[in-house]
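Have a look at the structure below, then the notes.
By convention here, the first residue in the shown sequence is residue 1.
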Amino acid sequence: MDTPARHGRYPYSALPDRPTWDWPGGARLAVYVGLNLEVFDFGAGRGAQLAPDSGVPDVLNHAWREWGNRVGAWRLLEAFDDLGLPTSVLANSRVLEDCPGLVEAFLARGDELVGHGRTNAERQADLAEDDERALIAEATQVLTERGGRRPAGWLGPWISESRVTPDLLAEAGYTYLLDWAHDDQPTWLATRGGGRILSVPYPQELNDIPAVVARQATGQEFADMVVATFDEMLEQSRTAPLVMGIALHPYVGGVAHRLRPLRAALAHVAAPRDEVWLTTAGAVAEHAARELG
């Protein structure tokens, strides 16, 4: 009989069997916005598509993504300012080189900087271990030097991991990652050598790329998902502390016809701020690490 493959990172745990505890201020629902600031190679590599590939170089799709950094991200920043929403900025390191002032504008608000590889034209799973280690080191150095702070968290481009990604991140000094969408609470992942790294929930359902690009939801439908998820998770959080993430990409969520209903949905989330913890993924990780021990 074949032995089934298992990752060995964490054991099974049923949510109702776990201890209950609170987020800061007695809240039971922590909400964060993960804003992906990304760049893509011109005429090469991977990238989400607005329309079928138009040939090489694929000007149509490349320019659509580029619009997000030039326009969409700034529209979203205005919305976050108006609503008093903090964000976790998931930044490719090359964004700081190719889009001067963009990441800095969010950091000036006090937002968190999260590592997100070098570009979104490559995947970590495609790399040998030494090459992946070099990618993490290079991205970390650029983010630290140009962003003015060393990121504590990491999201892999395309949510792509090799079999040793959590090990390499822990060894590089990262304390949490966002790649695993297996729970509504933070979870310790085991790493080699007896180490560990915290997994903070990052949404794959409440994420504008899979929702809009893959499943072709409208802007209003995605906004409705945000509201429905918030209302339901707020009710569920009466019995357990939960994490709700909202993942946005400027070239999708920042487009005018999607931004208008999205802004209303985010206002709905921000309104009962005395009942929930509006925060960042990094703050979630810090608090959860203390609670989980």
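- Closest approach of A139 and G117 over heavy atoms only: CB-O, 3.7 Å.
- Annotation for P241 and W23: closest pair CB-NE1, 3.7 Å, computed over non-hydrogen atoms.
- In this structure, T191 contributes its side chain and G195 its backbone to a donor-acceptor pair below 3.5 Å.
- Applying the ring-ring contact (aromatic ring centres under 6.0 Å, His included) test to W158 and every residue at least two apart in sequence or in another chain returns nothing.
- Under 3.5 Å, the side chains of R18 and S13 contain a donor-acceptor pair of N or O atoms.
- Side-chain atoms of T165 and E132 form a donor-acceptor pair, as typed in the model, at a separation below 3.5 Å.
- Heavy-atom contacts from other residues, nucleotides or ligands closer than 6.0 Å to CZ of R215 number more than 12.
- Taking the six-membered ring where the residue is Trp, the centroids of W67 and Y251 are separated by 6.0 Å or more.
- Between W277 and V284 the shortest side-chain heavy-atom distance falls below 4.5 Å.
- Taking every heavy atom of both residues into account, L143 and G115 meet most closely at CD1-CA, 3.5 Å.
- A donor-acceptor contact closer than 3.5 angstrom is absent between the side chains of Y10 and S199.
- Counting heavy atoms from C-beta on, the side chains of L85 and L266 come closer than 4.5 Å.
- Looking only at side-chain heavy atoms (C-beta outward), V39 and C99 come within less than 4.5 Å of each other.
- Contact of the L198 side chain with the T187 side chain is not registered, since no non-hydrogen atoms from C-beta on lie closer than 4.5 Å.
- Ion pairing between a basic and an acidic side chain is recognised when a charged N comes within 4.0 Å of a carboxylate O; D167 and R133 show no such pairing.
- Within 6.0 Å of the CD atom in E205, the count of heavy atoms belonging to other residues, nucleotides or ligands does not exceed 12.
- Between R109 and D81, at least one side-chain nitrogen of the basic residue sits less than 4.0 Å from a carboxylate oxygen of the acidic one, meeting the salt-bridge criterion.
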Walk me through it: do H268 and V226 pass the test side chain to side chain contact (heavy atoms under 4.5 Å, CB included)? CA-CA 9 Å; H268 179 85; V226 173; over 6 Å; no
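- Looking only at atom types and distance, the side chain of Q124 has a donor-acceptor partner in the side chain of W154 under 3.5 Å away.
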Pair E275, R28 - check salt bridge (Lys or Arg N to Asp or Glu O under 4.0 Å), show working. CA-CA 8 Å; E275 299 179 49; R28 282 291 183 83; over 6 Å; no
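- Salt bridge E104/R146: absent, no basic N to carboxylate O contact under 4.0 Å.
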Between R149 and T144, is a side-chain hydrogen bond (donor to acceptor under 3.5 Å, both in side chains) present by the stated rule, with each step listed? CA-CA 5 Å; R149 64 192 71 175; T144 302; over 6 Å; no
Just do the side chain to side chain contact (heavy atoms under 4.5 Å, CB included) check on D208 and V213 with the steps written out, would you? CA-CA 7 Å; D208 58 7; V213 177; over 6 Å; no
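- Side-chain contact check for Y202 versus N207: some heavy-atom pair is nearer than 4.5 Å.
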Which is it for S162 and E129 under the side-chain hydrogen bond (donor to acceptor under 3.5 Å, both in side chains) test, yes or no, and what are the steps along the way? CA-CA 8 Å; S162 72; E129 181 172 340; over 6 Å; no
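- Of the possible polar contacts, one joining the N92 side chain to the N120 backbone as a donor-acceptor pair under 3.5 Å is found.
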Between H62 and D41, does a side-chain hydrogen bond (donor to acceptor under 3.5 Å, both in side chains) hold up when you go through it step by step? CA-CA 8 Å; H62 183 85; D41 293 346; over 6 Å; no
Run the side chain to side chain contact (heavy atoms under 4.5 Å, CB included) check on L35 and F106 step by step: do they pass? CA-CA 10 Å; L35 179 67; F106 286 89; 3.4 Å; yes
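- Looking at heavy atoms from C-beta onward, E235 lies out of side-chain contact with F230 at the 4.5 angstrom threshold.
- Contact annotation: the side chain of Y32 never approaches that of I246 to less than 4.5 Å [non-hydrogen atoms, C-beta and beyond].
- Put simply, the side chain of S237 reaches to within 4.5 Å of the side chain of L234, judged on heavy atoms.
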Quick one: do T218 and V212 satisfy side chain to side chain contact (heavy atoms under 4.5 Å, CB included)? Show the steps, please. CA-CA 6 Å; T218 66; V212 174; over 6 Å; no
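- The neighbour count for R75 CZ, taken as heavy atoms of other residues, nucleotides or ligands under 6.0 Å away, does not exceed 12.
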Is there a side-chain hydrogen bond (donor to acceptor under 3.5 Å, both in side chains) between T87 and D111? Walk through the geometry before answering. CA-CA 5 Å; T87 68; D111 289 339; 2.8 Å; yes
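- Side-chain atoms of D179 never come within 3.5 Å of backbone atoms of L155 as a donor-acceptor pair (strictly under, hydrogens ignored).
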